[in-house]
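Take a look at the structure set out below.
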Amino acid sequence: MAERAARPGPGTAEVFVRAPGAGLAAAALRARGAGPTGAGPVGGRGLCGEPARGFAPPQPGLAAAMIHSLFLINASGDIFLEKHWKSVVSRSVCDYFFEAQERASEAENVPPVIPTPHHYLLSVYRHKIFFVAVIQSEVPPLFVIEFLHRVVDTFQDYFGVCSEVIIKDNVVVVYEVLEEMLDNGFPLATESNILKELIKPPTILRTVVNTITGSTNVGDQLPTGQLSVVPWRRTGVKYTNNEAYFDVIEEIDAIIDKSGSTITAEIQGVIDACVKLTGMPDLTLSFMNPRLLDDVSFHPCVRFKRWESERILSFIPPDGNFRLLSYHVSAQNLVAIPVYVKHNISFRDSSSLGRFEITVGPKQTMGKTVEGVMVTSQMPKSVLNMTLTPSQGTHVFDPVTKLLSWDVGKINPQKLPSLKGSVSLQAGTSKPDENPTINLQFKIQQLAISGLKVNRLDMYGEKYKPFKGIKYMTKAGKFQVRT
Amino acid sequence: MRNRNEDLKQMLESSKDSAKLDAMKRIVGMIAKGKNASELFPAVVKNVASKNIEIKKLVYVYLMRYAEEQQDLALLSISTFQRALKDPNQLIRASALRVLSSIRVPIIVPIMMLAIKEASSDLSPYVRKNAAHAIQKLYSLDPEQKEMLIEVIEKLLKDRSTLVAGSVVMAFEEVCPDRIDLIHKNYRKLCNLLVDVEEWGQVVIIHMLTRYARTQFLSPWKVDEVVDEYSESNFYESDEEQKEKDQKLKTIYTMDPDHRLLLRNTKPLLQSRNAAVVMAVAQLYWHLAPKSEAGIVSKSLVRLLRSNREVQYIVLQNIATMSIQRKGMFEPYLKSFYVRSTDPTMIKTLKLEIMTNLANEANISTLLREFQTYVKSQDKQFAAATIQAIGRCATNITEVTDTCLNGLVCLLSNRDEIVVAESVVVIKKLLQTQPAHHGEIIKHMAKLLDNITVPVARASILWLIGEYCERVPKIAPDVLRKTAKSFTNEDDLVKLQILNLGAKLYLTNSKQTKLLTQYVLNLGKYDQSYDIRDRTRFIRQLIVPNEKSGALSKYAKKIFLAQKPAPLLESPFKDRDHFQLGTLSHTLNSRATGYLELSDWPEVAPDPSVRNVDVAESAKEWTGIPGKPKKEKPTEKFYSESEEEEDDSASTSSSGSGSASESEKEDEDEGSTDESSGSSSPSEESTDSESDSKESAAKKRCRAVNESDSQDIKKKAEGISIKRSTSSSSDTEYTSSDECSSDSKSDSESGKSRNATSNKKEEKPAQDRKTPKTQDMFLLDLDDFCPVTTPVAVPTAAVLSPSLAADLEGLSLSSSSVIDVTMQVSVPTKTHELLHRMSGKGLAAHYHFSRQPGIFGDRMVPVQVTVTNTTDQKIENIHIGEKKLPPGMRMHEFNPIECLEPGGSITATMGIDFCDSTQTASFQLCTKDDHFSVNIQPPVGELLLPVTMSEKDFKKEQGMLTGMNETSTTIAVAPQNSTRLVIIERVVKAANLGVVPSGQDNIHRFAAKTMHSGSLMLVTVELKESSTAQLIINTEKTVIGSVLLRELKPVLSQG
């Protein structure tokens, strides 16, 4: 509807498009909307609608409503939810998106920013759903993208998982949440603590209670957070068991080359917290070796200045789960690579059979067990099938996507897990130029591979003694072995 | 459908809330699916006044969606909202305003306007935030309201709540982005609030301030350009002259302190978890920071690459643009751009682009090895892009051209056609740039012609053979023969090249190829494509001489075998930098609707005084630099080498040692300020007196404003956060300092004499800073004058902790968490002399106490030392030598200063642990050749760290520190000192004490702890009648307590 036929020339573009942020589109809509029903207000339109079009000063603004509309599109290309924060944008605008989707071979390759004649479509792809925001004018694209991700995070927080089915089942809550998150296209409340006070997340118990008592999901209390000093924390939190848990999780991103030497390796870590403390606790967390942290980003609750001057994390925590800190370990420190992969993959030119053999073993694990090992590898297109036998765990080869995955489990250093067998290639095709890359996942409990250690956690501002716990874990991030 | 709607209508009419709610839920479901539910409007709108909050909410949702289409009916709901606007609950007021302004019905414009106006002065910041949002909605509904809305924006811009700031700037950007004048007065406030604004607001404010800064400040880059020009044009000038010019020009560019303020206050936001904020800061640094400083953003940008693919995509695009202009920024992170096989193709190609941009002689071999892996990638599109990248590296880095070429030739035997084709195309481009002795490669490619089927590749080979047919005289005709045979089956692209080849051979080797060419031309004549027919005709006319062809055929050889310029292999991101980074336009590489061009730096800086705010916290720090030279012609601008070096060293050291970086930056600032005021000395005196009068006028105004403002603040105090009240209290303190400076100026006569007679040690710490400073200018040698103005750290995350129990455990480090150390409201600007230039053989040194907590650990008192070179030679290697410290005392030295240019001055920060005593720290200040003994003795007030606590806690603590631990005295208080503001201001200046809120008007409390031992120091000033006061100090450290008492006494009694 708002895809107006006449495209204004470059000179007039600003005159037209700017006001319309809503003005024009609204005017156009009004004309249409009011037409059929015959109930257009006489004075109103004459006074404000029409003249606005002609005399709107040529004055470009940053954005007429940052996010105009949101469409949720599933994998098969159905729009299953739409929400508009200003006048309605016809869903036909999504056709441009579908076009781009067709052009891209995979969902991942759909460009996040798509220009159309009158709008811009910014999208994120998560949980097999495209979240497509419709923008009308200049806006920092990351602003919108980051916001869309925040929307997905919020849904996940509310419903546990974020899927098409769940969203459809909870469409009213979704709508209410979206309504609170954006006002006129500009983010209003994005802290999940606050949102949960405004709109209670559905639980089975509450659903049952609601049906019986007829009470609602909407909070009738004032969300104090909006107004308190600490916008991320609600007041009046009460727990009988006061506990604060911190998980230090480090991920190793690495590329290992054919010969087993490390091409690049870095450690990225996060500290996730689950804090259930009564009142307004003020926490400080200090490290034994804060110099290890090279680059950090904080939850807004962390006081910058204290970190800058003393390398201490000082904060009033949000209630519940949150990510306190993400960090990058400085590049000077050598990264210990906890596992190695021995591989022998060969395709022969003459026959249609190839050999495939990989063995996974522990390398620098500081005496800890490597568990949750999972090997995946994208085979070349010419691979028809694989006949493999693992020494432990289970393996699957999907002949359609050509994806091999092997769930290894724990590595026993005495008896290294291996996967051996043959690969059959499509007849008549030549052997692939490149051996497949092996992606590795693993977990090591009770170890932060960088050596980061929390020194102590102190609480001020409250009288009780909380229960404190710190857990360390090392995981594989993007860990690739080239063969 | 109709039935179902009927049924919904019935449910809505029902008396039961649950039925209504069910109906509304189903309706919202319909809206979400995009189904039309407009015919239910009359039934729904009746429920707008429902008592049930959830029904009400859903009705709001419905109204916002359909009100526009059913305007008459929508008007029925308006009165409900009008009523709700007066509700005592702020949430209801806010939500009413939100819905009312979202109903896009033009007839209610006046009502909306009224509501917005009222809400903009609501007591609740949340309601004011919503008012800011409503401004945009009303503006888009009726742009004619603009003027009135601008008034509201102007008012809300003054708002001090962090909640409002982001939204109102958003409204500003939308309604009147060109009214930059509205920002002036709020500029410093916005800079200072920035850290505490919510993430989304930060993005908007940073973008706005970027635009603002580009119109208001001078370019920090220009200097670089001028350096080049200058050194070239004056090549023959003698060194002497050069030096002289250096001297003259170097002081001309100094960064506006406001410009610096913006850079400093946005820097911590690089650590935000929000990618949009990080990107916004990065683009701000890119567009505003001196080139040497922009590098600090790279680390954070690289961090974002761990994020989702969409974020990666945008960030990589921006890095690609940056990496073209400033390779150095991202070179250390080269490995972070290595491609993983799991990356989506668009990410891969962007990473490749960046790696290519970063390639240089040093890293090219590693990169090429990496590229080899990529070429083999299963993702053929990416493999092709890699080959292009190799080609670009080969042209850019001459050392590896041959290696690359050989590598590409190897690829020609690749099995994949796309790879081969791409290689051919790239080789063609490469050969064109280096046509010499590549006969072998061309021969090799000629052989490939039999196997390659990709048209572009075939065409490229043919073109190459044609172009260099004289280098392969035997093969070329044979190739023509072969292709002539297959001509009819070739692609158009290839056909054109066959024709070209024929023509070229005809001209060079007509004996062998005449017939072949004519055959090809005949085939072309009857080709299906008119393009080829055209070309055939054209070529025939040119090369085959006949009577009609005329003069042109004479030049045929020149036309066909002209030297062709080699193609330029360059990045597609080359010209993107004319768009502001981080914008949609940059991402799309085309102007997006509503894109605001970033203006060029002004030639002459606009008047910086427009940003002076009478009430704002920062007012004090800037008025200290009167008459700064600002209006030089830009052509004279020059950034001396020494300064550049300084910059460099500062930035490198800051990256090396994280904690000290902030302070060093500040130091640098001061250093440059010093220089400017030093050099412009002759003009200073005159401007100074002028500005004095201006200032005092301003002060008067400020007092008036301040009074009304503080009333305002009181009015608003209800429901305002603790943080807000602390910040406003600090505001008032600032103003009071202004007041007092004007006061003291009025009796400057007495101040002058006092200053002249009093010697440094006896000088009362409470003396107003401004008085001595202005006098210094008149009385002392200007070279000695060295005002150090440390920008005041504005309280940011002040959090009050009700309990101080932790403090008393003596954990000086961890206990400081309850103490908000950033609370300190005043930094003594008074400098003490460390080394006089006469006794220092031209090296002068001053120090002052910066009161920045914790730079060197918890127990060190930070001391800023400014060394100035008053000689006309460089002074090298300034460092601290032998130390003679009393037992227990420790000292953290500043990093040695390698070199100090004549006339230059550098500020360094050191830390001294005085062990809570006023004993002197003696040490030697050494240069390369000399060493001078100097000593620092701290005023007792500087041995303290301010503490925040509640009045209750204060009393409790005081109760535990009586008897021996209490010292008190009665003092006379000068009448003008008896107001709360003045007392606080004076006491805090004299000693680093924290202000404790007080319930009684006549009692003022201050708290601090000693730096070394962390013992509490409680100060109470109780005003009595007949202008006397009781001064009480409670502390375990009785010695320090009594010294402090002695020092505080004259502070309040003095006029």
Side-chain angles (χ1 to χ4, degrees), chain A residues 17 19 21-23 26 33 39 41 44 48-49 52 56 60-62 81-82 108-109 112-113 115 124 137-143 145-146 171-172 175 183-184 186-187 214 216 218 220 222 226-227 229 264 268 284 295 297-298 303-305 309-310 314 430 433-434 437 458 460-461 478 480, chain B residues 18 25 28-29 32 34 53-54 57 68-69 71-72 91 104 106-107 126 133 136-137 140 142-143 170 173-174 200 203 268 271 273-276 279 299 303 306 310 313-314 335 338 340-341 344-345 376 415 582 584 587-588 592-596 721-723 797 801 806 814 817-818 822 854:
Chain A
V17 187
C48 316
L62 180 71
L81 187 119
E82 62 179 74
E108 280 207 316
N109 278 326
V113 182
V124 304
S137 60
E138 177 60 51
V139 62
L142 271 185
F143 186 100
I145 285 168
E146 185 78 17
V171 72
V172 176
Y175 232 68
D183 178 24
N184 195 37
F186 190 75
T216 66
V218 177
D220 43 6
L222 181 78
Q226 284 284 18
L227 310 169
V229 205
T264 159
Q268 312 273 354
T284 56
D295 181 40
S297 71
F298 303 120
R303 298 182 181 111
F304 283 125
K305 291 245 159 101
S309 57
E310 296 165 68
S314 158
S430 51
D433 322 305
E434 192 201 28
T437 315
D458 297 299
Y460 306 98
K478 295 173 181 166
Q480 295 201 332
Chain B
S18 60
K25 280 185 175 171
V28 168
I53 290 193
E54 185 158 17
K57 274 207 149 173
E68 215 169 1
E69 297 176 20
Q71 308 211 348
D72 282 355
L91 194 70
R104 291 170 294 274
I107 206 164
Y126 182 61
H133 283 235
Q136 307 166 50
K137 299 184 213 170
S140 60
D142 181 9
M170 186 67 215
E173 288 285 74
E174 159 121 6
W200 313 108
V203 179
Q271 253 127 46
R273 63 168 171 177
N274 188 317
M279 189 64 232
K299 198 189 275 179
R303 184 187 69 228
R306 281 275 297 173
E310 295 86 6
Y313 176 74
I314 307 284
K335 287 195 169 178
Y338 279 10
R340 288 159 208 282
S341 61
T345 309
K376 285 188 250 159
R415 210 170 281 108
L584 189 62
T587 297
L588 297 169
T593 324
Y595 173 73
L596 290 173
S721 63
I722 301 166
K723 188 204 249 161
S801 164
S814 45
S817 69
V818 228
T822 58

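Here is the naming used below: chain letters follow the sequence lines, and residue numbers restart at 1 for every chain. Remember, it's a predicted structure, so these values are computed and weren't measured experimentally.
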Just to verify, what does B:Y313 make a ring-ring contact (aromatic ring centres under 6.0 Å, His included) with, not counting sequence neighbours?
none
Taking side chain as everything from C-beta outward and backbone as N, CA, C, O, which of these in A:L81 sits under 4.5 Å from a heavy atom of chain B? Side chain, backbone, both or neither.
both
Partners meeting salt bridge (charged side-chain N to carboxylate O under 4.0 Å, His left out) with B:R306 (sequence neighbours left out)
A:E251, A:D253
Under 3.5 Å side-chain donor-acceptor pair for A:E138 and B:T593
no
What one should report as the nearest heavy-atom pair of A:V124 and B:E310 is CA-OE2, 3.2 Å
Do you know which of A:V172, A:L142, A:T264 has the most heavy-atom pairs with chain B at a distance under 4.5 angstrom?
A:L142
Contacting region of B:T587 [heavy-atom separation from chain A under 4.5 Å]:
side chain
Answer with side chain, backbone, both or neither: which region of A:F298 has an atom nearer than 4.5 Å to a non-hydrogen atom of chain B?
both
Can you tell which part of A:F143 gets under 4.5 Å to a heavy atom of chain B, answering side chain, backbone, both or neither?
both
B:Q71 vs B:R104, test: side chain to side chain contact (heavy atoms under 4.5 Å, CB included). Steps then yes/no.
CA-CA 9 Å; B:Q71 308 211 348; B:R104 291 170 294 274; over 6 Å; no
Looking only at heavy atoms and a cut-off of under 4.5 Å, which of B:L584, B:I314, B:V28, B:T345 has the most pairs with chain A?
B:L584
State, without any angle test, whether A:S297 and B:R273 hold a side-chain donor-acceptor pair at a distance under 3.5 Å.
no
So which of B:G582, B:A32, B:G29, B:P344 has the biggest tally of heavy-atom pairs under 4.5 Å with chain A?
B:A32
